[in-house]
Amino acid sequence: MMVIRPSFHRKMALIFLLCIMILIGLSSTITYWKFNEIMRRQVLSDLNQIMAQNKVNLDNLINGLDKATLLLYTDHTVMNILNSPPADYMQTYDDIGQLNNELAKYMFIPLNSSLSAYTITFFVSPDMPFAEALYSGKDFFYGFYNGNDTMRTSWYRQAVEADGRLIWFTDPAKPEQVYIARLIKNPEALSLRNIRLGKEVIENVGVVVIGFRTSELGKPLEASKLSPSTELMIVDSQGTPIYSLNPHHPAFPATTEQVQSSATITHEGTDYVINRSPLAFGWQLLAFIPVDDISVGSTIVRYIVGLSALSALCAGIFLSYLVSSQITAPIRNLARTMKTIMLTDRLNVYMEPPKGNDEVDILYQSFNNMMTRIRQLLEDVYESGVRLKEAELRALQAQINPHFLYNTLDSVNWLALESGVDEIAEINSSLSSMYRYIMKDANDMVTLEDELQQIRHYVNIQSICYPGRFEVHYDLPPELLNTMCPKLIFQPLVENAIVHGIEKSCDKGRIDIRGYIEDQTAVLTIADNGAGCSIEDLNAFLEGKHNALQVSQGYGIRNVNRRIQLKFGDAYGLHYEPGETRGVTAIIRIPA
């Protein structure tokens with residue numbers, strides 16, 4: 001089944017398109033994330049500013065309530081009346097009217113700008129002399145009342161325990177109302193004159209209570225909502241809600257432990273960002289803004305970024321196809337030409353390189369050079385084939401000469417035996433064996449055992465030529481006999497030992513052929529006790545230096561050394577050392 005692979009053009013277009021898509025995706029994501037983050041920070045910044053303004057407004061309201069109640073400490077008229085026992089009916093009536101007027105002066109005027117509807121009730125301590133002239137009651141109205149009925153209420157006790165600090169409380173019967181209360185101290189109790197006279201003065205005058213609807217707290221908050229779903233809440237120091245801008249909204253967690261400034265919570269499946277601003281008396285202003293409302297402004301940015309990314313993608317597809325076409329057109333043209341050559345074997349092809357000095361131009365020039373070189377090589381191969389045929393013909397003709405020589409040597413050997421000349425027959429037999437060893441195959445690598453057998457034939461011939469003049473001793477361990485070596489590495493060395501050493505000596509000659517293994521190297525030595533010669537000249541000639549060494553003595557050993565080094569490397573080869581007593585020792589090193 002043939003597998004259809006995408007073309008190079010399509011691969012390039014897909015690569016370009018993939019790169020463009022990655023760039024567009026990254027840039028669009030970063031752009032949208034950056035704009036969204038900027039808009040989110042802007043919304044939160046606006047929220048912080050609004051919350052800061054709301055905090056100022058609420059603090060002003062609470063501080064106004066605090067200051068209004070403190071004004072009663074400095075009103076001598078109120079304190080003088082309350083510290084005096086009631087007189088006759090008319091005077092008492094006038095005193096009550098004056099008390100109410102003073103209360104209006106210090107309360108209604110300062111609070112009228114902050115609250116639209118409220119009540120002010122002063123519950124006078126029953127211990128005060130004027131308290132018996134006032135009506136008793138627990139309801140919160142305008143005016144002064146005897147606190148006899150309120151002393152046992154929890155809020156009254158809290159006010160007394162607060163010892164002059166402002167407290168707030170609610171009435172379960174009126175959940176829409178909130179009340180501020182403060183214990184008013186008697187300035188007469190702190191008078192130095194009374195203290196010196198030891199006059200007993202009642203310390204607590206009573207508790208003033210200001211009541212108003214919780215909606216009064218929300219007036220400065222109503223215009224500050226960032227979104228329709230924003231929830232604003234005021235909680236006390238215990239986390240109990242005092243006011244909620246949207247009372248029908250599901251209750252939010254509002255305790256101090258649960259709410260942290262600028263935190264995010266999930267409430268009834270909706271994520272909210274919470275902003276908290278501390279108010280006076282431990283109160284807190286909380287804002288719950290849905291995260292979706294914050295990100296509404298980023299929808300337009302998302303649409304714009306998406307439209308831009310889509311437009312860029314369409315442009316990228318077009319540019320990818322266009323650019324890949326421009327790049328791959330010359331390569332596709334070259335591929336078609338090479339396919340035509342493969343199918344037709346037509347080699348006389350030349351392609352005009354495109355204009356320019358880029359890599360494609362180099363590719364075209366290299367193709368033209370390659371085709372020219374192929375044609376030249378084919379011509380050379382054809383000529384080599386012709387010459388090879390001629391060489392084979394000459395080789396076949398040359399085979400006749402060795403065959404003729406073998407037949408001639410056999411005839412000489414037969415004639416020598418018939419004539420009783422055994423020495424000639426033995427020389428002829430050894431010479432014939434040596435000639436067959438040299439000519440038997442083209443491989444120049446043989447075993448040391450074959451090489452030693454060849455040397456024995458050569459020594460046999462020389463022994464007949466030099467009867468009684470020398471003897472040869474062999475000492476090679478059996479593990480060396482299968483070592484491979486080049487042909488005819490012993491014969492030139494043994495020949496030099498006989499001709500240039502023993503022949504020039506008056507004593508009987510001795511040649512020792514030994515071998516051993518040293519560090520995975522076969523070391524072969526040919527030592528003689530002949531007349532000897534200069535060891536320095538021999539080694540210098542082996543290194544290619546010209547000296548006084550005779551040509552007939554040097555070419556054979558240089559040939560041996562060079563063939564070994566060409567075969568095994570310069571670490572191996574031939575060199576000479578002086579003999580143990582006299583003569584020279586040739587040392588051959590080859591791999592074991």
Identify, with sequence neighbours excluded, every residue that meets side-chain contact (heavy atoms from CB on, under 4.5 Å) alongside [X].
X	result
P86	T92, F130, E132, A133
I20	I24, S320
L26	I22
I517	E479, L480, A592

Side chain to side chain contact (heavy atoms under 4.5 Å, CB included) assessment of Y142 paired with T121 = CA-CA 5 Å; Y142 168 74; T121 308; over 6 Å; no
ask   = Could you walk me through whether M128 and V205 pass the side chain to side chain contact (heavy atoms under 4.5 Å, CB included) check?
value = CA-CA 7 Å; M128 295 298 293; V205 176; 4.3 Å; yes
inquiry  = Quick check on side-chain hydrogen bond (donor to acceptor under 3.5 Å, both in side chains): which of D127, N83, N204 does N186 satisfy it with?
reply    =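 The passing option is N83.
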Do you know which two heavy atoms are closest between [X] and [Y], and how far apart they sit?
X	Y	answer
Q177	G211	NE2-C, 4.0 Å
G137	T150	O-CG2, 3.4 Å
G147	F123	CA-CB, 4.1 Å
N146	P126	OD1-CG, 3.8 Å
M484	I590	O-CD1, 3.8 Å

ask   = In terms of ring plane angle, is the pair F141 and Y145 parallel, tilted or perpendicular, where the classes change at 30° and 60°?
value =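 Ring orientation, 0 to 90° scale: tilted.
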task = Measure up the F122 and F144 rings against each other and bin them: parallel (under 30°), tilted (30 to 60°), perpendicular (over 60°).
result =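 Parallel, since the angle between the ring planes stays under 30°.
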request  = Measure from the side-chain N and O atoms of R182 to the backbone N and O of G164, and report whether any donor-acceptor pair falls under 3.5 Å.
outcome  =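 It does hold such a pair.
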Under 3.5 Å, side-chain donor or acceptor atoms of residues 154-162 against the rest of the protein: list the pairs with distances, not counting sequence neighbours.
residue, atom, partner, partner atom, Å
W155, NE1, T153, OG1, 3.3
R157, NH1, R152, O, 2.5

task = Run the numbers on W168 and Y179 for side chain to side chain contact (heavy atoms under 4.5 Å, CB included), then give the verdict.
result = CA-CA 5 Å; W168 74 272; Y179 300 92; over 6 Å; no
Roughly how far, to the nearest 0.5 Å, is the [atom2] atom of [Y] from the [atom1] atom of [X]?
X	Y	atom1	atom2	value
L99	L82	CG	CG	5.5 Å
K174	R213	NZ	CZ	10.5 Å
R589	D519	CZ	CG	9.0 Å
L183	L166	CG	CG	11.5 Å

task = For residues I180 and V209, determine if any side-chain heavy atom of one lies less than 4.5 Å from a side-chain heavy atom of the other.
result =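 Sidechains of V209 and I180: no contact.
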request  = State, with a plain yes or no, whether a side-chain heavy atom of F212 is found less than 4.5 Å away from one of V178.
outcome  =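 F212 reaches V178 side chain to side chain.
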key: salt bridge (charged side-chain N to carboxylate O under 4.0 Å, His left out) against D163, all qualifying residues, sequence neighbours excluded   =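 D163: salt bridge (charged side-chain N to carboxylate O under 4.0 Å, His left out) contacts with K185.
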task = Decide side chain to side chain contact (heavy atoms under 4.5 Å, CB included) for E102 and I81; before the verdict, give the C-alpha distance in whole Å, the side-chain angles of both, and the deciding distance to 0.1 Å.
result = CA-CA 11 Å; E102 292 296 319; I81 294 173; over 6 Å; no
ask   = Among pairs that include at least one residue of residues 79-96, which meet salt bridge (Lys or Arg N to Asp or Glu O under 4.0 Å), considering only residues two or more places apart or in two chains?
value =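 Salt bridge (Lys or Arg N to Asp or Glu O under 4.0 Å) check on residues 79-96 returns no pairs.
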message = According to side-chain hydrogen bond (donor to acceptor under 3.5 Å, both in side chains), who are the partners of T372, at least two apart in sequence or on a separate chain?
response =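 Scan of T372 (side-chain hydrogen bond (donor to acceptor under 3.5 Å, both in side chains), adjacent residues dropped) gives R375.
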